[in-house]
Amino acid sequence: MDALTGRGLIRDDEVFLRMNRVERLQHILLIVSFSLLVVTGLPLMFYEMRLFKAVFSYGRVFYYRGVIHRAAAVLLIADIIWHFGYTILTRRGRENFRELMPRRKDALDAVALFGYNVGLSRWLTRKGLLRRFFDRHPFWKFENPPEYGRYNFIEKLEYLAVAWGSLVMIFSGFFMWNVELSLSMFPLWLHDIFAIAHGYEAMLAFLAIIIWHMYNVHLNPEVFPMSRIWLDGKITGHQLKTLHAIEYRKILAAREKALGPQPAEPGPDIPPGA
Amino acid sequence: MSRSGFVARFALPAALVFLAAAPLSGQPSDDDCLVCHGDSGLKGGQGQSLFVDGAKSAASIHGSAGISCVDCHSDLAKVSDFPHAGKLKPVACASCHEAAAAAVGQSAHGSAHSGPKPFAVLCKDCHGTHEIRASADASSRTFSLNIPETCTACHLSRVPNARGPGFVGQYLQSVHFRALSKAGLNSAATCVSCHGGHDVRLVDDSRSKVARPNIISTCGACHAGIERDYLEGVHGKAYVKGSRDVPVCTDCHAEHDIRSPADLGSIVYATKVAAVCSRCHDDESLARQYGLLTSRLKTYAASYHGMASKSGETRVANCASCHGHHDIRPSNDPRSSVNPANLAATCGTCHAGAGVNFSKGRIHVVSERTENRWAYTVKIVYLVVIGGLISVFLAFIAADLYRRLRGRWTR
């Protein structure tokens with residue numbers, strides 16, 4: 001394989017750090033606080049279910065539910081503040097943030113991945129249908145899966161969703177926690193909207209995590225039963241090459257540059273998807 | 001005290017004392033009777049005790065008034081040959097206690113009940129016999145603290161009750177009985193306080209003290225301030241007009257099982273109030289008849305107050321916290337606690353510093369569409385976004401799995 005990875009500058013078994021210790025810890029804090037918040041909060045959206053009624057009316061469970069919910073909220077806020085500081089103050093944080101910003105390419109990537117997975121265009125091409133259209137717009141052929149940088153559109157979407165969700169939840173939750181403060185500023189009907197938004201945003205976040213994130217990091221056959229990146233933060237050169245080809249080439253280019261000009265050699269070969 | 005009562009209690013005994021002072025020849029004296037009946041081992045033909053405790057009967061209200069044995073056992077007055085015949089006539093209390101006897105005759109006790117083993121209730125069943133004392137006397141069977149024991153002797157199980165067994169016994173858990181038995185408060189309500197004494201009647205008799213039209217004044221006899229509040233409220237006003245649909249005291253507080261609202265078993269315990277009110281306020285036919293707003297319980301249950309209350313939180317608002325209890329008024333009444341002008345104060349009892357913003361919105365929101373359009377918009381947007389995003393996610397996952405599986409099939 002070394003022959004493929006330009007002058008052997010990146011070996012397949014070389015280990016890269018995808019999540020450093022701080023990032024992993026922030027992620028774990030997010031898991032803990034999010035889970036606690038979901039468990040202690042979301043059942044209120046389904047207050048009519050007999051199970052929740054039975055559990056909540058047992059002893060002082062309902063009271064402690066509230067206490068834990070607010071404690072978890074404080075933990076989440078602390079985690080976000082830490083992440084905020086980390087993003088602003090460290091070079092790696094700033095770099096990650098830049099890489100996480102959505103671009104036009106991400107939307108195209110999403111379309112391309114979907115089109116590639118479905119394979120309709122390839123079938124049409126094989127049958128010789130719509131040839132002129134495909135010749136003029138080769139993008140729609142979806143011959144190869146899209147190539148990603150450090151973060152693919154899925155990861156970017158998740159990051160931005162967490163950012164947006166936290167904003168909504170912390171804002172609305174803060175005013176639900178401090179009813180008197182809220183109502184000293186806002187009319188009751190607006191306060192009611194905070195409560196509604198808090199509940200529905202929670203539903204959205206929960207479903208997004210349980211469906212989208214769980215598939216991408218657990219159930220996806222590529223990583224099943226679980227991607228271990230969140231635990232050890234490690235990614236191999238091979239994984240980098242296949243999953244984050246643009247980032248891979250970037251590292252390769254940087255190393256080549258550091259090594260000085262060499263006789264012409266084929267660039268890194270991009271293996272098609274799977 | 002009625003005039004006949006006065007005659008029975010004072011004038012008559014006085015006359016008898018006077019007469020006793022000049023003993024009539026031929027009438028057996030109490031001492032004559034006690035020659036035999038003072039023997040604690042004296043038994044009748046069926047083995048029943050014929051013992052009469054001379055000291056107790058002398059200390060009884062009759063004995064201390066100088067009424068002798070034969071004044072009551074009048075068929076022995078003329079007897080001089082002892083021992084006398086076995087069977088005596090029943091004592092006719094009515095010969096002196098005319099008014100009381102007449103009242104009992106009209107009452108539920110005046111006729112045999114409809115149970116499997118009917119029996120008529122006699123004076124002695126409640127008052128006892130030789131040892132009868134004034135009801136103000138702490139050892140009397142009709143003294144307030146002793147009344148429950150006297151009545152429950154029959155009514156706990158012997159007498160069938162239309163409301164089922166155990167209905168009467170519920171009184172023994174009530175706040176009234178606790179006050180009586182634990183606090184020793186002799187002004188606490190006993191059976192007699194609500195049902196009457198001699199003139200006790202069945203609840204479906206309109207003259208009964210516990211009949212619906214009379215219950216407010218019956219409870220109000222002690223709870224005067226609450227009666228006044230109730231009559232000023234929306235329920236009381238309709239009650240005075242003769243409505244039979246408005247709640248009276250017993251509808252919210254139970255009948256025998258009346259407990260303190262702080263008692264977990266009370267039906268007006270903080271977390272159970274909503275269930276009590278919604279019996280009527282979630283009733284479609286009552287709502288139609290009186291133009292009440294429905295879905296009160298449903299909308300309350302959907303609120304944080306409702307959820308927390310349902311889960312046993314007592315500090316959150318229940319119906320009564322905002323609407324009041326005895327003097328509940330319609331919200332258009334300027335004195336109503338839920339009149340928009342008073343909401344800041346009402347909500348402020350829990351939410352300190354609550355301002356006018358509390359009145360800028362609705363509490364029991366039945367339909368966001370008509371009552372809070374922005375909230376409705378937010379809800380719809382969220383539903384669309386959630387539905388849309390989840391569909392996209394699932395589509396991506398399906399496409400991904402499809403490609404992987406197809407790769408496996410064709411390989």
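Keep in mind that this is a model prediction, so the values were computed, not measured. A, B, ... follow the sequence lines: proteins, then strands. Residue 1 opens every chain.
Of all the heavy atoms in A:Gly119 and B:Arg406, the pair that sits closest is CA-NH1, 4.4 Å. Across all their heavy atoms, A:Phe62 and B:Ala308 have their closest contact at CE2-CB, 3.2 Å. Across all non-hydrogen atoms, the minimal contact from A:Ile211 to B:Leu394 is CG2-CD2, 3.9 Å.
Counting heavy atoms from C-beta outward, A:Ile193 and B:Asn372 have side chains that approach closer than 4.5 Å. Proximity of A:Leu183 to B:His351: side-chain heavy atoms (C-beta onward) are nowhere separated by under 4.5 Å. Side-chain contact between A:Pro221 and B:Leu401 is present, with heavy atoms from C-beta onward closer than 4.5 Å. At least one side-chain heavy atom of B:Lys379 sits under 4.5 Å from a side-chain heavy atom of A:Tyr200.
In A:Arg70, the CZ atom is crowded: over 12 heavy atoms of neighbouring residues, nucleotides or ligands sit closer than 6.0 Å. Open room surrounds CZ on A:Arg228; 12 or fewer heavy atoms of other groups in view lie less than 6.0 Å from it. The number of heavy atoms from other shown groups lying within 6.0 Å of OH (A:Tyr58) does not exceed 12.
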>> Checking A:Tyr47 against B:Lys310 for the side chain to side chain contact (heavy atoms under 4.5 Å, CB included) test, could you report, in this order, the C-alpha distance in whole Å, the side-chain angles of both residues, the deciding distance, and whether it holds?
In response: CA-CA 9 Å; A:Tyr47 62 94; B:Lys310 191 98 197 163; over 6 Å; no

>> Show, in sequence, the C-alpha distance, side-chain angles and deciding distance for B:Arg404 and A:Asn117, and conclude whether the side-chain hydrogen bond (donor to acceptor under 3.5 Å, both in side chains) test is met.
In response: CA-CA 8 Å; B:Arg404 287 173 201 281; A:Asn117 283 343; over 6 Å; no

>> As a quick check of understanding, evaluate side-chain hydrogen bond (donor to acceptor under 3.5 Å, both in side chains) for B:Tyr382 and A:Glu201, giving each step before the final call.
In response: CA-CA 7 Å; B:Tyr382 263 112; A:Glu201 185 69 38; 2.4 Å; yes

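Interface residue A:Ala110: backbone and side-chain heavy atoms are both found under 4.5 Å from chain B. Interface residue A:Ala208: backbone and side-chain heavy atoms are both found under 4.5 Å from chain B. Of the atoms belonging to B:Cys347, not a single heavy atom falls under 4.5 Å from chain A. With a 4.5 Å cut-off on non-hydrogen atoms, A:Met185 touches chain B through its backbone but not through its side chain. Interface residue B:Ala352: only backbone heavy atoms are found under 4.5 Å from chain A. Proximity to chain A (any heavy atom under 4.5 Å) is shown, for B:Glu371, by neither the backbone nor the side chain. Heavy-atom distances place the side chain of B:Ile390, and not its backbone, under 4.5 Å from chain A. With a 4.5 angstrom heavy-atom cutoff, B:Leu389 touches chain A only via side-chain atoms. With a threshold of 4.5 angstrom between heavy atoms, B:Tyr376 does not approach chain A through any atom at all.
Between chain A and the options B:Ala398, B:Gly361, B:Gly306, the largest number of non-hydrogen pairs under 4.5 Å is found for B:Gly361. Interface summary for chain A: among B:Gly355, B:Ala302, B:Gly353, the most heavy-atom pairs under 4.5 angstrom belong to B:Ala302. Taking chain B as the reference chain and counting heavy-atom pairs below 4.5 Å, the highest number among A:Val55, A:Leu188, A:Val118, A:Asn216 is found for A:Leu188. When A:Ile154, A:Val61, A:Ile196, A:Leu219 are compared by the number of non-hydrogen pairs under 4.5 Å with chain B, A:Ile196 comes out ahead. In terms of non-hydrogen atom pairs under 4.5 Å with chain A, the most contact-rich of B:Cys350, B:Ala375, B:Gly312 is B:Ala375.
At distances below 3.5 Å, at least one donor-acceptor pair connects side-chain atoms of B:Asn357 with backbone N or O atoms of A:Phe186.
Under the 30°/60° scheme for interplanar angles, the aromatic rings of A:Trp212 and B:Phe393 are found to lie parallel.
For the atom pair OH (A:Tyr63) and OG1 (B:Thr314), the distance works out to 11.5 Å, reported to the nearest 0.5 Å. Distance check, rounded to the nearest 0.5 Å: CD1 of B:Ile363 to CG of A:Asp192 gives 7.0 Å. Taking NZ of B:Lys360 as the reference point, atom NE2 of A:His191 lies at 15.0 Å (rounded to 0.5 Å).
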